[in-house]
A.B. asks: 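The structure that follows is given in the form of structure tokens.
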Amino acid sequence: MFYYLFTYLNDAFNLPGAGVFQYISFRAAAAVITSLIISLLFGKSLINLLVRKQVGETIRDLGLEGQTEKKGTPTMGGLIILGAILIPTLFFAKLDNIYIILMLFTTIWLGFIGFLDDYIKVFRKNKAGLAGKFKIIGQVTLGLVIGLSMYFNDDIVLREKISAEELIQVNESGEMVRITNPTEKFDRESSKSTKTTIPFFKNNEADYSYLLAFLGEDYRNYAYLIFIPIVIFIIVAVSNGANLTDGIDGLATGTSAIIGATLGVLAWVSGNIVFADYLNIMYIPNTGELTIFISAFVGACIGFLWYNSYPAQVFMGDTGSLAIGGIIAVFAILIRKEFLIPVLCGIFLIESLSVVLQVSYFKYSKKKYGEGRRIFKMSPLHHHYQLKGYAEPKIVQRFMIVGIMLAVFTIITLKLR
């Protein structure tokens, strides 16, 4: 919104300072500051409103220390996060950018599904909330929208890097010289592609369509048969992983801020032809605009952490956790970094795996030995450490330290071949 206003003022009246809105770095900084202000200033008002409406969390008795004290803490605080993401994005991003449109849709869609779940739990007094199948349907629908858009929308393209042989040219003197200008190292024309980034592979790239090479010469035409199901799986997995991680004060919020900051770096370098050339990664035109969105996301998470850190004054509920996980998944997919998710979102992954392993081993041991046995004291994993006597703040801080290490390693993989 402001981008278009100040662009007009700059072009029509040459207004001093208006041209600064052309810079992604300025608009990203403005987005994170605005997001922090919204979450900090208006967060308290929303918490007070939730308290007046008696929108309190229903706590299951899991035998955890300090659990009963959390009963009645207001939930649905994810509304703070959603507002702090959407408003700065609408203010500072280019709203005709296809990537921004898809991220706005993701935020609103999963936020709405999470809100329905929380509404049923709180106001309908149904602890089960929205039926699981409806959540999955909503996530799958989002996956279809993202997958089909990326595959068929003409605005979602790559610029392929030209071969090493083509980098050598003959100058006017007849000498062989190597191209050094980054803008000349990529094809002049953008192209549709199902390529993505895979760490440790040659050039860190692979194409989904290669999995269908057995279909014959036209195998590339059927890449959507592989691409779209993978997109759906990633969105469902990461969204539910974030939901499982939201179990103790500040854990999901803090780790998501770290992940978001890392994704912002990846979007910045992928959308900048100079950095893409330097790092030898794929150049994705127009993805730099996503930096504004993810800056608002990071600001929203940090601002919400002000109220969500131990002891929490508000819980995000599914309104926030489903949206956060979906945003991270879709963002990574749009910048072609989805196969970095197992590393970058390692906290989400281990929390999800702990549940899968616990349930699977319990069923297996019950069938084999006649009684269910457990690998962990409780799952997800953060509850295991709670039962071992660790204080909530210590668990959160150590998980965040691991999250930072994973984030650094994720960025390093861009240079590992």
A.B. asks: Is a donor on one side and an acceptor on the other found under 3.5 Å between the side chain of Thr287 and the backbone of Ile284?
C.D. replies: yes
A.B. asks: So Tyr385 and Phe399, would you call those rings parallel, tilted or perpendicular, with 30° and 60° as cut-offs?
C.D. replies: perpendicular
A.B. asks: Please confirm whether the backbone N or O of Arg373 pairs with a side-chain atom of Ser365, one donor and one acceptor, at under 3.5 Å?
C.D. replies: yes
A.B. asks: Taking atom OH as the centre, does Tyr364 end up with more than 12 heavy-atom neighbours from other residues, nucleotides or ligands that are less than 6.0 angstrom away?
C.D. replies: no
A.B. asks: Taking Gly250's backbone N and O only, do any of them form a donor-acceptor pair with Thr253's side chain (distance below 3.5 Å, no angle check)?
C.D. replies: no
A.B. asks: Between Ala329 and Ile235, what is the shortest heavy-atom contact and its length?
C.D. replies: CB-CA, 3.8 Å
A.B. asks: If we ignore hydrogens and angles and just use 3.5 Å, is the side chain of Gln358 paired with the main-chain N or O of Ile375 as donor and acceptor?
C.D. replies: yes
A.B. asks: Just checking Lys394: does its NZ atom have more than 12 heavy atoms from other residues, nucleotides or ligands closer to it than 6.0 angstrom?
C.D. replies: no
A.B. asks: Do the rings of Tyr151 and Tyr224 sit parallel, tilted or perpendicular, given the 30° and 60° boundaries?
C.D. replies: perpendicular
A.B. asks: Any sub-3.5 Å donor-acceptor pair from Asn308's side-chain atoms to Phe304's backbone N or O?
C.D. replies: no
A.B. asks: Are Ile327 and Phe297 close enough, and set up right, to give a side-chain contact (heavy atoms from CB on, under 4.5 Å), and what steps lead you there?
C.D. replies: CA-CA 9 Å; Ile327 286 169; Phe297 173 83; 3.8 Å; yes
A.B. asks: Flag this pair as yes if the NZ/CZ of Arg374 is under 6.0 angstrom from the six-membered ring centre of Phe376 and inside a 45 degree cone about the axis; otherwise no.
C.D. replies: no
A.B. asks: Scan side-chain atoms only and decide if Tyr278 and Asn272 contain a donor-acceptor pair under the 3.5 Å cut-off.
C.D. replies: no
A.B. asks: How long is the span from the CG atom in Leu387 to the NE2 atom in His382, to the nearest 0.5 Å?
C.D. replies: 10.5 Å
A.B. asks: Taking CZ in Phe123 as the centre, count heavy atoms belonging to other residues, nucleotides or ligands within less than 6.0 Å. Is the count above 12?
C.D. replies: yes
A.B. asks: Under 6.0 Å from the CZ atom of Phe42, do we count more than 12 heavy atoms belonging to anything else shown?
C.D. replies: no
A.B. asks: Rounded at 0.5 Å granularity, tell me how far CE in Met150 sits from CG in Leu148.
C.D. replies: 11.5 Å
A.B. asks: Name the residue from Ile113, Thr107, Ile108 that meets the side-chain contact (heavy atoms from CB on, under 4.5 Å) definition with Leu110.
C.D. replies: Ile113
A.B. asks: Can you tell me which residue among Ile412, Ile411, Leu406 is in a side-chain contact (heavy atoms from CB on, under 4.5 Å) with Val408?
C.D. replies: Ile412
A.B. asks: Evaluate the side-chain contact (heavy atoms from CB on, under 4.5 Å) criterion for residues Leu251 and Glu392: first the C-alpha distance (whole Å), next the side-chain angles of each, then the deciding distance (0.1 Å), finally the verdict.
C.D. replies: CA-CA 9 Å; Leu251 180 57; Glu392 281 192 43; over 6 Å; no
A.B. asks: Between Thr319 (side chain) and Gly78 (backbone), is there a donor-acceptor pair under 3.5 Å?
C.D. replies: no
A.B. asks: How far apart are the C-alpha atoms of Leu158 and Lys195, what are their side-chain angles, what is the distance that settles it, and do they pass the side-chain contact (heavy atoms from CB on, under 4.5 Å) test?
C.D. replies: CA-CA 9 Å; Leu158 298 179; Lys195 280 188 176 181; 4.0 Å; yes
A.B. asks: What's the shortest heavy-atom distance between Asn286 and Asn97, and which atoms?
C.D. replies: O-ND2, 3.1 Å
A.B. asks: Between Ile302 and Ala257, which heavy-atom pair has the shortest distance, and what is it?
C.D. replies: CG1-CB, 4.1 Å
A.B. asks: Can you name the closest pair of heavy atoms from Cys301 and Ile324 and give their distance?
C.D. replies: SG-CD1, 4.4 Å
A.B. asks: Quick check for you: to the nearest 0.5 Å, what is the distance between Phe315 atom CZ and Ile248 atom CD1?
C.D. replies: 11.0 Å
A.B. asks: Look at atom OH of Tyr8 and say whether more than 12 heavy atoms of other residues, nucleotides or ligands are closer to it than 6.0 Å.
C.D. replies: no
A.B. asks: Salt bridge between Lys135 and Asp318, side-chain N to carboxylate O under 4.0 Å?
C.D. replies: yes
A.B. asks: If you round to the nearest 0.5 Å, how far is CG of Asp117 from CZ of Phe134?
C.D. replies: 12.0 Å
A.B. asks: Taking all non-hydrogen atoms of both residues into account, name the closest pair between Ser35 and Ala84 and its distance.
C.D. replies: OG-O, 2.9 Å
A.B. asks: Are the side chain of Thr34 and the backbone N or O of Ala31 linked by a donor-acceptor pair below 3.5 Å?
C.D. replies: no
A.B. asks: Which is it for Tyr307 and Asp249 under the side-chain hydrogen bond (donor to acceptor under 3.5 Å, both in side chains) test, yes or no, and what are the steps along the way?
C.D. replies: CA-CA 9 Å; Tyr307 299 107; Asp249 301 347; over 6 Å; no
A.B. asks: Mind checking whether Phe105 and Trp109 have parallel, tilted or perpendicular rings, split at 30° and 60°?
C.D. replies: parallel
A.B. asks: For the pair Glu205 and Arg336, find out whether any cationic side-chain nitrogen is under 4.0 Å from an anionic carboxylate oxygen.
C.D. replies: no
A.B. asks: Look up atom OG in Ser149 and atom CD1 in Ile333, then write down how far apart they are to the nearest 0.5 Å.
C.D. replies: 11.5 Å
A.B. asks: ring-ring contact (aromatic ring centres under 6.0 Å, His included) for Tyr3 and Phe21? Distances and angles first, verdict last.
C.D. replies: CA-CA 6 Å; Tyr3 169 80; Phe21 278 81; 8.1 Å; no
A.B. asks: Let's go through Ile81 and Ser39 carefully: what are the C-alpha distance in whole Å and the side-chain angles of both, what is the deciding distance for side-chain contact (heavy atoms from CB on, under 4.5 Å) to 0.1 Å, and is it a yes or a no?
C.D. replies: CA-CA 7 Å; Ile81 298 175; Ser39 52; over 6 Å; no
A.B. asks: If you compare all heavy atoms of Thr73 against all heavy atoms of Ala312, which two are closest, and at what distance to 0.1 Å?
C.D. replies: CG2-O, 3.7 Å
A.B. asks: Between Lys192 (side chain only) and Asn153 (backbone N and O only), is there a donor and an acceptor less than 3.5 Å apart?
C.D. replies: yes
A.B. asks: So for atom CZ, which belongs to Phe112, do other residues, nucleotides or ligands contribute more than 12 heavy atoms lying within a distance under 6.0 Å?
C.D. replies: no
A.B. asks: Cut-off 3.5 Å, side chains only: do Thr196 and Lys337 have a donor facing an acceptor?
C.D. replies: no
A.B. asks: Quick check: are there more than 12 heavy atoms from other residues, nucleotides or ligands sitting under 6.0 Å from OH of Tyr23?
C.D. replies: no
A.B. asks: How far apart are the C-alpha atoms of Gln22 and Thr7, what are their side-chain angles, what is the distance that settles it, and do they pass the side-chain hydrogen bond (donor to acceptor under 3.5 Å, both in side chains) test?
C.D. replies: CA-CA 7 Å; Gln22 299 296 318; Thr7 297; 2.8 Å; yes
A.B. asks: Report the distance from atom CD of Glu289 to atom CG of Leu95, rounding to the nearest 0.5 Å.
C.D. replies: 9.0 Å
A.B. asks: Are Met282 and Ser270 side-chain neighbours, meaning at least one heavy-atom pair lies under 4.5 Å?
C.D. replies: no
